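Below you'll find the structure, written out as structure tokens, and then a few comments.
This structure is a prediction, so every number in the text was calculated from the model and none was measured. Values below: every heavy atom of this structure, side chains too, minus hydrogens, waters and symmetry copies.
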Amino acid sequence: MKDRHPEDWYPHDYVLRYLTDLFPRFLRPNHLTLFRIIMTPVVVWLLFFEEYRIGVPLFFLVASTDALDGTLARTRGQITAWGAFWDPVADKILISLTVLLIVVQHINIYLGLLVIFVELVINTGALVRKRHGAVQHANVWGKIKMALQTAGVMALLISLWLGVDLFIDISTGTFSLAIVFAIISLFTYGI
């Protein structure tokens with residue numbers, strides 16, 4: 001997994017490439033990453049004030065840019081060092097703040113703190129590698145972990161938005177599985 005080139009497509013790229021054709025050519029992958037960074041405080045603010053009617057769909061929109069910016073970068077050949085570093089950081093900020101806000105409050109404080117701790121370890125490792133001149137691109141385990149974390153947050157948000165308690169159990173299981181993939185991701189990065 002370490003030798004994967006950033007230009008190599010992930011399985012979801014083959015599906016999402018058709019969606020990226022809808023984006024104008026002037027829209028670059030880094031624009032989507034920057035959009036995610038800018039919109040994260042708005043999403044967190046809405047969720048904090050329990051404005052789920054607006055906050056949940058906005059979270060879905062902002063979180064969806066995670067898959068789209070990477071696919072856009074790979075399919076258009078627009079991979080940059082800035083994007084390789086900030087894309088996963090933007091994801092971790094969005095997920096970590098949302099986890100801190102809602103998972104700790106509505107599921108379990110220990111599960112929420114464990115998710116955030118693992119993200120901090122991953123980010124610290126990325127910063128150390130960047131300081132030594134190496135940009136570590138996401139691997140498939142990290143992608144699965146991020147997808148599971150996003151799914152866990154989405155399941156919990158749907159539960160809060162629609163009042164369906166079943167989604168809380170689904171969210172708990174999804175976060176537990178995400179932690180397993182996060183640990184695998186850590187080891188495949190050489191930590």
Side-chain angles (χ1 to χ4, degrees), residues 1-40 43 56-96 98-99 115 118-119 122-123 125-126 129-130 134-158 167 170-171 173-191:
M1 292 295 168
K2 280 186 180 180
D3 297 325
R4 185 185 178 285
H5 296 285
E7 297 84 17
D8 292 346
W9 286 23
Y10 286 97
H12 69 273
D13 292 333
Y14 294 97
V15 175
L16 292 179
R17 70 177 167 185
Y18 299 108
L19 185 59
T20 61
D21 289 341
L22 300 174
F23 290 100
R25 297 302 289 177
F26 67 83
L27 183 68
R28 302 188 58 86
N30 290 346
H31 294 146
L32 292 176
T33 302
L34 192 57
F35 171 76
R36 192 163 55 258
I37 291 168
I38 291 169
M39 292 306 295
T40 293
V43 169
V56 172
L58 187 59
F59 174 85
F60 291 164
L61 172 69
V62 172
S64 71
T65 63
D66 173 35
L68 290 173
D69 62 2
T71 297
L72 202 60
R74 285 182 291 277
T75 59
R76 292 186 179 175
Q78 298 175 334
I79 296 171
T80 65
W82 187 91
F85 178 77
W86 284 104
D87 173 53
V89 170
D91 301 338
K92 287 169 182 50
I93 291 170
L94 174 64
I95 293 299
S96 295
T98 307
V99 165
V115 170
V118 170
E119 289 302 325
I122 291 171
N123 275 345
R129 284 189 291 280
K130 186 175 190 309
V135 177
Q136 182 71 45
H137 297 277
N139 64 21
V140 69
W141 305 112
K143 293 274 188 191
I144 292 170
K145 181 244 344 151
M146 186 62 196
L148 287 168
Q149 286 177 343
T150 303
V153 167
M154 287 181 176
L156 182 56
L157 289 175
I158 288 170
F167 286 105
I170 292 170
S171 179
T174 305
F175 274 115
S176 300
L177 194 55
I179 290 169
V180 171
F181 280 96
I183 292 168
I184 293 169
S185 177
L186 281 171
F187 284 111
T188 59
Y189 279 138
I191 294 178

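In this structure the side chain of Phe60 reaches within 4.5 angstrom of the side chain of Ile158, judged on heavy atoms. Here the side chains of Leu27 and Leu32 are in contact, with some heavy-atom distance below 4.5 Å. Using a 4.5 Å cut-off on side-chain heavy atoms (C-beta onward), Leu157 and Phe167 make no contact. Contact check for Trp82 versus Asp87: no side-chain heavy atoms found under the 4.5 Å cut-off.
Of all heavy-atom pairs between Ala151 and Thr174, the closest is CB-CG2, 4.0 Å. Between Ala178 and Gln149 the shortest heavy-atom distance is CB-CG, 3.7 Å. When all heavy atoms of Ile170 and Ala155 are compared, the closest pair comes out as CG2-CB, 4.2 Å. Residue Phe85 comes nearest to Val89 through the heavy atom pair O-CG2, 3.3 Å, listed as atom of the first residue, atom of the second, then distance.
Of the possible donor and acceptor atoms, one in the side chain of Ser96 sits under 3.5 Å from a partner among the backbone N and O of Lys92. The closest donor-acceptor contact from the side chain of Arg76 to the backbone of Thr20 lies under 3.5 Å. At distances below 3.5 Å, at least one donor-acceptor pair connects side-chain atoms of Arg36 with backbone N or O atoms of Thr65. A donor-acceptor pair under 3.5 Å links the side-chain atoms of Ser171 to the main chain of Gly152, judged by distance alone.
Within the model, atoms CG of Asp91 and NZ of Lys143 stand 7.5 Å from one another, a figure rounded to the nearest 0.5 Å. For the atom pair Thr150 OG1 and Leu94 CG, the distance stands at 7.0 Å (nearest 0.5 Å). With rounding to the nearest 0.5 angstrom, the CG atom of Asn30 is 3.5 Å from the OG1 atom of Thr80. In this structure, CD1 on Ile38 lies 10.5 Å from NE2 on His31, to the nearest 0.5 angstrom. Considering CG of Asp69 and CZ of Arg28, their distance stands at 13.0 Å, rounded to 0.5 Å. Rounded to the nearest 0.5 Å, atoms OG1 (Thr40) and CD1 (Ile93) are 7.0 Å apart.
Every residue was checked against the side-chain contact (heavy atoms from CB on, under 4.5 Å) condition with Ala147, not counting sequence neighbours, and none meets it.
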Between Leu61 and Phe35, is a side chain to side chain contact (heavy atoms under 4.5 Å, CB included) present by the stated rule, with each step listed?
CA-CA 11 Å; Leu61 172 69; Phe35 171 76; 4.3 Å; yes
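Using cut-offs of 30° and 60° for the angle between ring planes, the Tyr14 and Trp9 rings count as tilted.
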